[in-house]
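Here the structure comes first, spelled out in structure tokens, and everything after it is commentary.
In what follows, every chain begins at residue 1, and chains take the letters A, B, ... in the order their sequences are listed.
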Amino acid sequence: MPNLSFSDRIIRWYRANKRDLPWRQTHEPYRIWISEIILQQTRVDQGMDYYHRLLEAFPTVTDLANADLDQVLKLWQGLGYYSRARNLHATAQWIAGPLKGKFPSNYKDLLALKGVGPYTAAAIASFCFNEPVAVVDGNVERVLARYFGVEEPVDASATKKLLQQLAQEHIAAPRPAEHNQAIMEFGALQCTPKNPSCANCPLQASCFALRLGKVSDLPFKAKRTQVKAVAIDYFVLTDGRELLLRKRVDQGIWNNLHDFLSIEGEAPLTDSAVQREAKKFGEWRASTETVVHLLSHRKLSIRFHVVQVKRWEERPNGVLVKIRNRHELAVPKPIHDFLMEVGGPLWSGVRKKN
DNA sequence: AACGCGGGGCT
DNA sequence: AGCCCAGCGTT
């Protein structure tokens, strides 16, 4: 097929290979917005259930605006990057309130929303309003860097600017929405990070990286994130009937989610330090083995120490939760695992000793 | 410009 | 173990 443009080939490939995704069945800005926030740094497979549950709970932007933040966070639990949920809620209140329910309808106005950056603004503007502004996400970066031979580090701001211009130059003027969908889908399914399908690629005849044998070298990233080790010792206070949890505020990770009283540092507490801390609250009953929880930038080594308290009168600040209601608060993944699986046998021991 | 922010899947 | 994912906000 000679004389087909880059965009022509991508769109032709897209029509033959696209996935059937729920947010492709609508042009409603609210639904597209929800889907795009969920999909920030998140795979389609991981976000799918969250998309359905959020829209079921909040069918309109007004429903979302009227919800409690804790309810939104509970629905977001397990998805990560929890500031997305906070910004989602704040933006819903902004749209339902001052904007009187009218969703911003162009790139510039969308960009002003909390949690909406250049990628998301371009996505909503093109998908919902057919505005010809190019999306540049990780997929697009990869396709452009390989096909056009962008060898500078893609995580440098000058390169990002170049890629945005390159993407904008090649967007198909008549069909910006479909072009944007197509190039992202192409990156996700065909021009993949590892083992891309170059053998049957519709762009193989003119791909820079394929011609020069640099497919596995592009895109090039200069920085790699440092993973810092952190030890967390949790003290799980319980009388056998209730548990003391605490909301994380200004704590960096897991902001606005609930966990237990903790001591966080470079190394885990010594056994004697655990005993000493436990004594401040009650009687030490049990400790778990260390579980390792990996974040992009942290390696968390976590232990839980169950402490029996006689009475709650002089407890530290926190939220008392009945054990049977322990699923109701939004908690980080390792806390969820402890609450719903690991902890049961430990605090049931406390109950017997009461 | 550099860093912080989750969790999961793939190699 | 390292990389990446429909990135954004803060400093």
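Here the separation of C/dT10 from B/dG6, taken at their P atoms, is 14 Å to the nearest Å. Taking atom C1' on both C/dA6 and B/dC3, the two are 22 Å apart, rounded to the nearest angstrom.
Remark: P of B/dG4 and CD of A/Gln226 are 9 Å apart, rounded to the nearest angstrom. Rounded to whole Å, atom P of B/dG6 lies 12 Å from atom CD of A/Gln251. Rounded to whole Å, the distance from CH2 on A/Trp76 to C1' on B/dG6 is 12 Å. Taking atom CZ of A/Arg86 as the reference point, atom C1' of B/dC5 lies 14 Å away to the nearest angstrom. A/Arg84 has its CZ atom 11 Å from the P atom of B/dG7, to the nearest Å. Atom CG in A/Leu300 sits about 12 Å away from atom C1' in B/dG7, given to the nearest Å. Distance CG (A/Leu294) to C1' (B/dG9): 13 Å, rounded to an integer number of Å. The distance from atom NE2 of A/His293 to atom C1' of B/dG7 is 6 Å, rounded to the nearest whole Å.
Both A/Lys333 and A/Lys223 lie near DNA chain B, and the one whose nearest nucleotide falls closer to the 5' end is A/Lys223. Mapping A/Asp155 and A/Ile253 onto DNA chain B via the closest heavy atom, the residue that lands nearer the 5' end is A/Asp155.
Across all strands shown, A/Leu79 has heavy atoms under 4.0 Å from base atoms, whether or not it also approaches the sugar-phosphate. A/Gly252 comes within contact range of the sugar-phosphate backbone alone, with a heavy-atom separation under 4.0 Å but no base atom that close.
The residues A/Glu266 and A/Lys228 are annotated as not salt-bridged, no charged nitrogen and carboxylate oxygen being separated by less than 4.0 angstrom.
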Query raised in the report: Between A/Arg303 and A/Asp233, does a salt bridge (Lys or Arg N to Asp or Glu O under 4.0 Å) hold up when you go through it step by step?
Result: CA-CA 5 Å; A/Arg303 283 188 306 175; A/Asp233 280 283; 2.9 Å; yes
Report task. Begin from the C-alpha positions of A/Phe338 and A/Tyr234 and carry the test ring pair (Phe, Tyr, Trp, His ring centres under 6.0 Å) through to its verdict. Result -> CA-CA 11 Å; A/Phe338 176 81; A/Tyr234 277 121; 8.4 Å; no
Requested in this report: Evaluate the criterion salt bridge (Lys or Arg N to Asp or Glu O under 4.0 Å) for residue pair A/Asp239 and A/Lys310; output intermediate values, then yes/no.
Outcome: CA-CA 6 Å; A/Asp239 61 354; A/Lys310 299 288 189 201; over 6 Å; no
Report task. For each nucleotide in nucleotides 4-11 of chain C, reading 5' to 3', give B when a protein heavy atom comes within less than 4.0 Å of its base, S when such contact involves only the sugar-phosphate, and - otherwise. Result -> BBBBSS--
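Taking the side chain as every heavy atom from C-beta outward, A/Val72 and A/Phe58 approach each other to under 4.5 Å. Side chains of A/Gln251 and A/Asp259 form no contact here, defined as non-hydrogen atoms less than 4.5 Å apart.
Side-chain nitrogen and oxygen atoms of A/His297 include none within less than 4.0 Å of the OP1 or OP2 phosphate oxygen of B/dG4.
For A/Arg53 and A/Tyr50, the positive end sits near the middle of the six-membered ring, less than 6.0 Å away and at most 45° from its axis.
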